[in-house]
Amino acid sequence: MKAIKVLYTVQSGKMGGAEHSLYYLIKNLDRSQFQPTVCFLEAGGLLDEKLQYLGVPTEILGINLKIIKTRFQGITNPFALIYDGMIIS
């Protein structure tokens with residue numbers, strides 16, 4: 001059976017509660033069934049390093065959320081600005 005690809009998205013790699021949970025979830029995934037990838041909006045940080053040590057692919061978009069929040073007031077979900085791999089501007 002082919003592994004299911006799973007994309008996890010997080011704002012940054014600063015290690016808070018959600019990031020710790022994500023790390024332990026991915027660390028304990030059955031890799032024969034699931035193939036995880038993590039996408040960071042901002043910088044990767046410690047979570048990125050820990051995931052790379054586990055062999056999990058990561059992508060860093062490098063989006064400055066302060067600019068996004070100023071330019072697109074009312075946007076509560078920055079991922080709503082991303083469509084088909086392109087940043088909507």
Side-chain angles (χ1 to χ4, degrees):
M1 178 175 155
K2 188 174 180 181
I4 298 169
K5 294 181 180 181
V6 181
L7 176 64
Y8 296 95
T9 55
V10 292
Q11 182 172 334
S12 72
K14 296 177 183 175
M15 293 299 287
E19 291 78 15
H20 279 283
S21 295
L22 178 61
Y23 171 74
Y24 288 112
L25 172 79
I26 291 174
K27 182 178 178 183
N28 294 301
L29 275 179
D30 182 349
R31 298 294 177 83
S32 67
Q33 294 185 27
F34 300 100
Q35 181 183 347
T37 300
V38 177
C39 178
F40 297 95
L41 275 182
E42 295 179 305
L46 181 59
L47 179 58
D48 184 30
E49 293 173 20
K50 292 177 91 169
L51 292 172
Q52 287 187 17
Y53 180 78
L54 294 177
V56 176
T58 61
E59 294 291 332
I60 300 173
L61 298 180
I63 297 173
N64 185 332
L65 291 181
K66 290 179 184 176
I67 292 173
I68 296 285
K69 289 177 183 176
T70 301
R71 188 167 175 199
F72 298 97
Q73 291 189 9
I75 297 292
T76 56
N77 179 6
F79 287 101
L81 300 173
I82 303 171
Y83 177 75
D84 195 27
M86 301 297 293
I87 304 298
I88 308 299
S89 58

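- Taking each heavy atom of Ile60 and Ala43 in turn, the nearest pair found is CG2-CA, 4.1 Å.
- Residues satisfying the side chain to side chain donor-acceptor pair (under 3.5 Å) test with Ser12, not counting sequence neighbours, are none.
- Residues in residues 14-28 take part in no side-chain hydrogen bond (donor to acceptor under 3.5 Å, both in side chains) pair, two or more places apart or across chains.
- Residues Leu54 and Phe34 fall within the same hydrophobic cluster, defined by Ile, Leu, Val, Met, Phe, Trp and Tyr side chains chained together at heavy-atom separations under 4.5 Å.
- Glu49 pairs by the side chain to side chain contact (heavy atoms under 4.5 Å, CB included) definition with Leu46, not counting sequence neighbours.
- Atoms OG1 and CG, from Thr58 and Leu51 in turn, are 7.0 Å apart once rounded to the nearest 0.5 Å.
- The side chain to side chain contact (heavy atoms under 4.5 Å, CB included) search around Glu59 returns none, not counting sequence neighbours.
- Residues satisfying the side chain to side chain contact (heavy atoms under 4.5 Å, CB included) test with Tyr8, not counting sequence neighbours, are Val6, Leu22, Leu25, Ile26, Leu29, Pro36, Val38.
- In the hydrophobic clustering of ILVMFWY residues, with side-chain heavy atoms under 4.5 Å counting as a link, Tyr53 and Met15 come out apart.
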